[in-house]
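Notes for the one structure printed next.
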Amino acid sequence: MYLNFSDLRPPKLTVNPQMITETDSVTVNCQTPSSVSVSQCYFIIAGNEIARTAPCLQTLTGSEFLSWTRQSSPVTVEMTCYYIFIYKSPVSNMSPITIQTPRPELTVNPQKITETDSVTVNCQTPSSVSVSQCFLYFMRGRKSTSISCLQTLTATELLSLAQQSSPAEVDVTCFYSSEHKGGQYQSPHSNRYSISIQNPRPELTVNPQMITETDSVTVNCQTPSSVPVSQCYFIISGHKPDKAAPCLQTLTGSEFLSWTRQSSPLTAEVTCYYFYIQKSPESNMSPINIQPPRPELTVNPTMITETDSVTVKCQTPSSVSVTQCFLYFTEGRKSTSISCQQTLTATELLSMAEQSLPVDVEVTCFYTLAHKGGPHKSLHSNTSSISIQTPRPELTMNLMMITETDSVTVKCQTPSSVSVTQCFLYFMRGRKSTSISCQQTLTGTELLSLAQQSSPAEVEVTCFYMSQHKGGQYQSPHSNISFINIQMGTTSSVTTPRTSSDISVDPISTKLSTTGTTSSVTTPRTSSVPSAHKLLPVVASGFGVIVGIISLGMALFCVKRRNDNFSSTKKTGRGGWMSPNDTEAFNMTSLVPGDDPPKGSNQLKRQESQTENSSLYYFYSSIPEEPDETPTMKTDLAYSTLQAR
């Protein structure tokens with residue numbers, strides 16, 4: 001077949017895309033007619049008369065194309081092509097191609113912010129380009145604004161630039177400008193970023209963070225003042241809420257557990273959010289710990305000596321299946337397993353607490369229960385203090401009724417287990433104490449002076465001792481109360497022959513008995529007795545002796561205060577000294593420490609007074625201030641004393 005030039009059809013040139021950067025690729029296709037079988041084409045770049053032979057279909061990067069055309073970006077060139085099939089074909093259509101500088105890369109951190117947060121925008125430009133300025137381009141408003149290529153903006157600034165209001169999604173790109181042929185050249189736009197500007201984050205507070213089922217907790221999801229909402233959503237340990245609840249509410253531990261559909265003990269992590277146009281960010285996380293009810297500790301009595309016992313009761317809640325109770329000693333930070341109600345001796349308690357008396361043992365209790373395969377420890381109970389004292393002394397006197405000139409032996413018997421440094425007498429009426437030997441003989445006058453009383457008087461007295469403890473002086477509990485009656489003047493003796501019908505008084509038991517021996521009766525001398533207490537002489541007759549002895553027995557019976565040594569004491573029904581822990585009974589007889597501390601005891605440890613407001617009731621024989629003109633023999637003899645044989 002014969003062809004001539006006029007029979008050849010021109011190729012069709014396509015360039016895709018027509019705008020690229022140096023790093024992008026472009027496909028150049030010089031499409032020849034199907035009737036012509038050629039693989040090589042000729043490309044003519046505008047302004048360049050030399051054609052370049054290349055495959056009719058090829059893909060080039062922007063840099064390769066620039067190298068091929070021997071130009072640099074940014075540049076726009078016009079291209080045509082042709083082919084040769086025996087003859088040179090006509091030239092194709094003209095297609096432009098623009099090769100730009102590399103596009104910048106936009107990064108935004110973080111992508112989600114609130115009105116109070118900031119965002120960092122980085123428009124990363126190519127190092128091969130001398131950039132003169134960067135720009136942010138807001139897609140919604142189709143506005144651009146000049147910024148530094150790396151800049152931090154507040155949410156408020158970003159909203160102002162984008163001409164939007166929160167909550168909002170701000171779609172943004174960036175580009176840069178550079179010098180080119182005496183003017184400013186704009187780069188391609190960067191990748192696109194969406195910056196989410198959310199409602200302000202709420203702040204969650206939980207107070208307190210540890211409660212029991214019976215305690216209350218306040219949960220507050222604090223929303224910003226600019227947001228008009230009252231309902232919030234609480235997320236508990238990842239569990240999404242079913243419905244909204246008041247942003248501020250107070251719940252008991254049981255109500256919170258019901259809300260979460262869980263049981264104690266429970267440690268939950270709580271966050272919250274709200275809705276205003278869109279969902280707010282989640283708040284900070286706040287933990288809450290809900291424990292079973294705490295036990296209640298009771299100790300009885302709260303003050304004991306080393307020979308006493310104390311009952312400790314760790315009362316646990318009925319709703320809890322308790323596996324074990326424990327005592328916790330606060331000073332040593334030690335715990336020991338006990339029955340939930342147990343009686344302990346002072347010695348056992350001291351051993352558990354690893355302390356020595358005298359001491360105040362501070363103690364709490366807790367319990368354990370089975371929980372998820374292991375024991376769970378409850379909260380501690382209230383704190384109780386058990387005072388363990390050294391043994392109290394025993395006060396005895398060999399006489400219970402003397403005159404001013406007589407003497408009485410006072411013995412403050414201290415325990416052998418304690419190293420005593422000093423003994424003291426304590427006078428109830430004046431609330432004063434004085435140092436004495438632990439066994440000492442005092443005259444009636446001396447006793448009256450110490451007691452700050454005058455005869456006739458009944459002196460109520462106790463004793464206590466001091467011992468060395470932790471580098472200082474420790475005061476013991478007070479002893480039993482003793483009474484001594486001090487009369488004015490001296491004594492005289494009147495003895496009558498005993499007959500088979502004589503009656504004598506047993507000085508120990510104060511019982512009346514009939515004897516066949518002589519009875520000796522002593523009465524105060526008439527000359528020594530003041531006018532208010534004058535006594536008639538004793539009539540030495542059998543009838544008078546009997547009446548006098550009976551009256552004396554009645555007087556001794558009314559006083560009711562003496563022991564085998566004529567010392568008047570209070571005793572319990574169990575035969576032991578009345579303990580200050582014997583509640584009501586001890587309140588009738590316990591003591592108040594002296595107002596003035598003993599000399600030489602700089603570190604005197606005062607025991608708690610349990611008798612500041614004690615009520616003491618005693619019965620005495622009535623003694624008229626002015627006797628009748630003719631006193632009876634019975635009145636005279638009522639205050640006679642037995643003459644010691």
Side-chain angles (χ1 to χ4, degrees), residues 392-414 422-466 475-491 524 528-530 532-533 555-556 558-563 565-570 577 588-601 604 606-607 609-621 623 625 639 641:
R392 60 176 51 82
E394 181 181 348
L395 178 62
T396 59
M397 295 185 182
N398 67 327
L399 294 173
M400 62 169 287
M401 185 178 292
I402 62 172
T403 66
E404 293 178 355
T405 57
D406 293 335
S407 296
V408 62
T409 299
V410 179
K411 184 177 182 181
C412 190
Q413 189 168 345
T414 59
Q422 185 66 56
C423 287
F424 294 83
L425 281 184
Y426 178 79
F427 297 94
M428 302 288 290
R429 181 171 177 179
R431 296 184 179 180
K432 297 289 183 181
S433 59
T434 187
S435 172
I436 62 164
S437 301
C438 294
Q439 180 170 334
Q440 188 164 334
T441 300
L442 300 167
T443 66
T445 303
E446 290 173 330
L447 269 175
L448 289 169
S449 175
L450 294 174
Q452 297 181 347
Q453 293 178 251
S454 58
S455 64
E458 184 178 58
V459 178
E460 298 181 51
V461 66
T462 66
C463 75
F464 61 90
Y465 61 87
M466 304 297 295
Q475 177 183 319
S476 75
H478 282 234
S479 71
N480 52 291
I481 306 174
S482 284
F483 304 83
I484 183 164
N485 196 302
I486 305 175
Q487 296 290 328
M488 298 176 67
T490 58
T491 60
S528 303
V529 179
H533 299 280
L556 295 175
C558 291
V559 174
K560 289 185 181 178
R561 301 179 181 93
R562 58 183 205 161
N563 58 12
N565 295 322
F566 288 93
S567 172
S568 176
T569 60
K570 299 290 183 184
W577 298 120
M588 299 290 290
T589 60
S590 59
L591 309 175
V592 180
D595 293 338
D596 299 328
K599 295 180 180 179
S601 56
L604 179 63
R606 291 291 185 185
Q607 297 300 311
S609 169
Q610 298 186 15
T611 59
E612 281 293 341
N613 301 311
S614 298
S615 299
L616 303 177
Y617 300 96
Y618 306 109
F619 297 94
Y620 302 93
S621 297
I623 306 174
E625 291 296 330
Y639 291 88
T641 59

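A donor-acceptor distance shorter than 3.5 angstrom exists from the side chain of Asn480 to the backbone of Leu395, with no hydrogens or angles considered. The backbone N or O of Gln440 lies less than 3.5 Å from no partner atom in the side chain of Ser437, so there is not a single donor-acceptor pair.
Leu442 CG to Ile402 CD1: the interatomic distance, rounded to the nearest 0.5 Å, is 8.5 Å. The distance from atom OG of Ser482 to atom CE of Met400, rounded to the nearest 0.5 Å, is 10.5 Å. Of the inter-residue distances, the one linking Met428 atom CE with Glu458 atom CD reads 11.5 Å to the nearest 0.5 angstrom. Here the OH-NZ distance, from Tyr426 to Lys432, works out to 9.5 Å after rounding to the nearest 0.5 Å. Taking CD of Gln413 as the start and CZ of Arg392 as the end, the distance is 14.5 Å to the nearest 0.5 Å. For the atom pair CD1 of Ile486 and CG of Leu448, the computed distance is 4.0 Å after rounding to the nearest 0.5 Å.
Nearest heavy-atom pair, Gln487 versus Ser455, reported as atom, atom and distance to 0.1 Å: C-CB, 4.2 Å. Minimum interatomic distance between Pro477 and Phe464 (heavy atoms only, all atoms of both residues): O-CB, 3.8 Å. Nearest heavy atom pair, residue Ala451 against residue Val459, reads CB-CG1, 3.9 Å. Contact detail for Ser435 and Gln422: the closest heavy-atom pair is OG-NE2, 2.7 Å.
Thr405 and Thr403 form a side-chain donor-acceptor contact under 3.5 Å, judged by distance and modelled atom types alone. Using modelled atom types and a 3.5 Å distance limit, the side chains of Ser479 and Thr462 yield no donor-acceptor pair.
For the pair Met466 and Phe424, the minimum side-chain heavy-atom distance is below 4.5 Å. The shortest side-chain heavy-atom distance between Glu404 and Met488 falls under the 4.5 Å cut-off. Using a 4.5 Å cut-off on side-chain heavy atoms (C-beta onward), Met397 and Val461 make contact. Side-chain contact between Leu399 and Asp406 is absent, with no heavy atoms from C-beta onward closer than 4.5 Å. Val410 is not listed as a side-chain neighbour of Ile484, based on a closest heavy-atom distance of 4.5 Å or more.
The side chain to side chain contact (heavy atoms under 4.5 Å, CB included) search around Cys423 returns Cys412, Thr414, Val420, Ile436, Cys438, Tyr465, not counting sequence neighbours.
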